[in-house]
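Remember, predicted model here, so these are calculated numbers, not experimental data. Positions are given from 1 along the sequence.
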Amino acid sequence: MSVGPAGPVGGAPTTAPQDPYALVRTRGYLKLLLVAGAIGVPVCAVAFGFLALVHELEPLIYQDLPRALGFAGPPLWWPVPMLLVAGLLVGLTVRYLPGGGGHEPADGLALSGAPPLSALPGVFLAALASLSFGVVLGPEAPLIALGGGLAAGAVRLLNRNMPAQAAAAVGAAGSFAAISALLGSPLLGAFLLMEVSGLGGPMLGIVLLPGLLASGLGALIFTGLGDWTGLGTYSLALHDIPRAAGPTIPEFGWALVIGLAAGFAATGVRRLARYLKGHVVRHRVPATIVMGLVVGALATAFAAATGKPASEMLYSGQSALGSLFRDSAGYTVGALLLLILCKGLAYCASLSAFRGGPIFPALFLGAAGGVVLSHLPGLSLTAAFAMGVGAMCVAMLRLPMTSVLLATLLLGKSGLTVMPLVIVAVVVAYVVALRLTPATVPDLPSAPHPA
């Protein structure tokens with residue numbers, strides 16, 4: 001085929017490709033960066049306040065309240081009525097407030113745009129009741145929703161004529177800011193949102209830049225408020241990790257085993273959670289109460305069987321990761337296996353009915369599984385811990401880059417040493433989890449009816 005000056009003969013004229021970076025050179029994009037940077041400060045302050053409130057309510061509910069009622073300490077059965085109350089509060093919030101309490105955690109971690117301002121009270125209340133009463137979920141999904149909703153809502157109130165694309169970019173920046181320090185690094189939060197949103201191509205950097213700016217400023221706010229209030233930063237990063245030895249050939253073999261086991265375990269958790277969710281949505285309030293009772297009963301059974309406090313099984317496991325690593329010798333293999341079983345079942349019940357994020361319980365279950373396997377020959381504790389975290393994270397969330405970075409940055413310099421092992425475990429878990437997931441067939445367009 002010959003090509004003339006106007007393009008292929010017999011075809012439409014070719015047009016010069018547009019510059020994908022032209023947007024960055026406009027004044028409007030600079031304004032967008034300024035708005036994103038400015039919005040990151042108050043949004044991150046709100047996120048810090050939400051996390052602080054959750055952490056203040058936890059001891060109030062499980063320590064101060066039973067003492068105020070005349071008990072010497074929390075009775076063994078205390079989690080049961082507390083989780084019943086949580087189920088009632090969350091069920092009523094999801095049933096009657098706008099927005100349904102936010103994202104369904106049983107569906108994984110996905111971005112579907114910033115929620116409207118009218119939905120934020122329900123997101124806040126459902127997450128607060130879930131997390132502070134000990135449900136096995138994390139704070140990341142509510143923070144993403146609250147940060148994005150506040151940011152997008154604020155710019156719409158200030159400028160009703162703002163283009164929808166710009167408002168969406170500011171909303172994404174708010175989500176970046178809200179989780180900027182939660183995962184231990186603003187860069188890790190950026191990778192998380194990048195993979196969750198499915199961004200790609202030349203527009204990747206253009207869309208991510210406002211979010212990176214907001215998350216960087218947000219991390220400073222987290223640090224400043226943590227120092228000023230003395231409450232800390234609520235960051236996931238672990239400290240005082242012993243130096244790890246270089247990977248060995250047996251450990252690469254263990255990476256295959258851990259990846260395979262995580263793929264099957266996470267698939268079981270997802271299927272059970274979605275099965276339970278199908279029953280919960282048909283009877284929202286009573287079913288959520290029942291799921292709360294299940295979580296409370298599992299915590300009581302764990303405490304009765306091991307002699308350890310029920311709080312070690314409740315909650316997301318974010319704050320317990322460090323103690324699990326440092327004090328792993330204080331757990332027998334039997335106690336660890338019971339912890340994994342009870343927390344895993346509580347995780348399924350929590351995913352099906354409550355509101356929160358799926359990341360941190362997955363990390364804890366993977367870490368606990370790694371600690372169990374570290375008792376076997378040829379596998380060090382640090383390597384097993386990191387591989388378990390990365391493999392379970394990717395099998396639950398399907399975010400391979402985020403999972404590798406999370407497991408690596410979590411352990412600092414030791415994480416960099418064992419990164420090759422983490423990569424192998426993550427790849428195996430990712431492939432296994434996808435192979436075990438039934439393929440979804442997209443709906444085909446309907447054929448046009450003949451005239």
Novice: Restricting to side-chain hydrogen bond (donor to acceptor under 3.5 Å, both in side chains), what partner residues turn up for Glu312, sequence neighbours left out?
Specialist: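 By the side-chain hydrogen bond (donor to acceptor under 3.5 Å, both in side chains) rule, Glu312 matches Tyr331.
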
Novice: CZ/Phe360 to OH/Tyr315 distance, rounded to the nearest 0.5 angstrom?
Specialist: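 Phe360 CZ to Tyr315 OH: 16.0 Å, rounded to 0.5 Å.
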
Novice: Check the pair Lys277 / Asp107 against side chain to side chain contact (heavy atoms under 4.5 Å, CB included), numbers first and verdict last.
Specialist: CA-CA 10 Å; Lys277 175 192 166 186; Asp107 296 333; 2.9 Å; yes

Novice: Apply side chain to side chain contact (heavy atoms under 4.5 Å, CB included) to Leu338 and Thr306, showing your working.
Specialist: CA-CA 8 Å; Leu338 186 61; Thr306 63; 3.8 Å; yes

Novice: State whether Phe364 and Lys343 meet the cation-pi test: NZ (Lys) or CZ (Arg) under 6.0 Å from the six-membered ring centroid, and within 45° of the perpendicular axis.
Specialist: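 Yes, a cation-pi geometry holds between Lys343 and Phe364.
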
Novice: Within this structure, what is the CG-OG1 distance for the pair Leu83 and Thr288, rounded to the nearest 0.5 Å?
Specialist: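 One finds 12.0 Å between CG of Leu83 and OG1 of Thr288.
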
Novice: Minimum heavy-atom separation for Leu137 and Leu131, please, with both atom names.
Specialist: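 It is O-CD2, 3.4 Å.
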
Novice: State plainly whether the residues Glu140 and Arg355 are in salt-bridge range, i.e. N to O under 4.0 Å.
Specialist: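 Looking at Glu140 and Arg355, the cut-off is not met.
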
Novice: Which pair of non-hydrogen atoms, one from Leu406 and one from Ile359, has the smallest distance, and what is that distance?
Specialist: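 Smallest interatomic distance, heavy atoms only, reads CD1-CG2, 4.3 Å.
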
Novice: Take atom OH in Tyr275; do more than 12 heavy atoms of anything else shown fall under 6.0 Å from it?
Specialist: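 No, because the 6.0 Å sphere around OH of Tyr275 holds 12 heavy atoms or fewer from other groups.
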
Novice: Find out whether Leu57 and Leu60 are in side-chain contact, i.e. whether some heavy atom of one side chain is under 4.5 Å from a heavy atom of the other.
Specialist: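 Touching, per the 4.5 Å side-chain cut-off.
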
Novice: From the options Leu92, Thr93, Val94, select the one residue that forms a side chain to side chain contact (heavy atoms under 4.5 Å, CB included) with Val90.
Specialist: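 Looking at Leu92, Thr93, Val94, the match for Val90 under the side chain to side chain contact (heavy atoms under 4.5 Å, CB included) is Val94.
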
Novice: With a 6.0 Å cut-off on the ring centroids, do Phe385 and Trp254 count as close?
Specialist: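 No; Trp254 has its ring centre 6.0 Å or more from that of Phe385.
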
Novice: I'd like to know if the side chain of Arg274 and the backbone of Val269 have a donor-acceptor N/O pair within less than 3.5 Å.
Specialist: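 Not a single qualifying donor-acceptor pair exists.
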
Novice: Just wondering, are more than 12 heavy atoms of other shown residues or ligands nearer than 6.0 Å to CZ in Phe264?
Specialist: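 For Phe264, atom CZ is not crowded (no more than 12 foreign heavy atoms under 6.0 Å).
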
Novice: Pick out which of Leu146, Leu97, Val46 makes a side chain to side chain contact (heavy atoms under 4.5 Å, CB included) with Phe124.
Specialist: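 When Leu146, Leu97, Val46 are each tested with Phe124, the side chain to side chain contact (heavy atoms under 4.5 Å, CB included) holds only for Leu146.
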
Novice: Please indicate whether Leu69 has more than 12 foreign heavy atoms, meaning atoms of other residues, nucleotides or ligands, lying under 6.0 Å from its CG.
Specialist: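 Correct, the count exceeds 12.
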
Novice: Once you round to the nearest 0.5 Å, how far does CG of Leu410 lie from CG of Leu363?
Specialist: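 The CG atom of Leu363 is 7.5 Å from CG of Leu410, to the nearest 0.5 Å.
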
Novice: Using the rule given for side chain to side chain contact (heavy atoms under 4.5 Å, CB included), can you reason through Leu53 versus Leu128, listing the C-alpha separation, both sets of side-chain angles and the distance that settles it, and then say yes or no?
Specialist: CA-CA 8 Å; Leu53 180 59; Leu128 186 66; 3.8 Å; yes

Novice: Distance only, no hydrogens: is a donor on one side chain within 3.5 Å (strictly under) of an acceptor on the other, for Thr437 and Arg398?
Specialist: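 Short answer, yes.
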
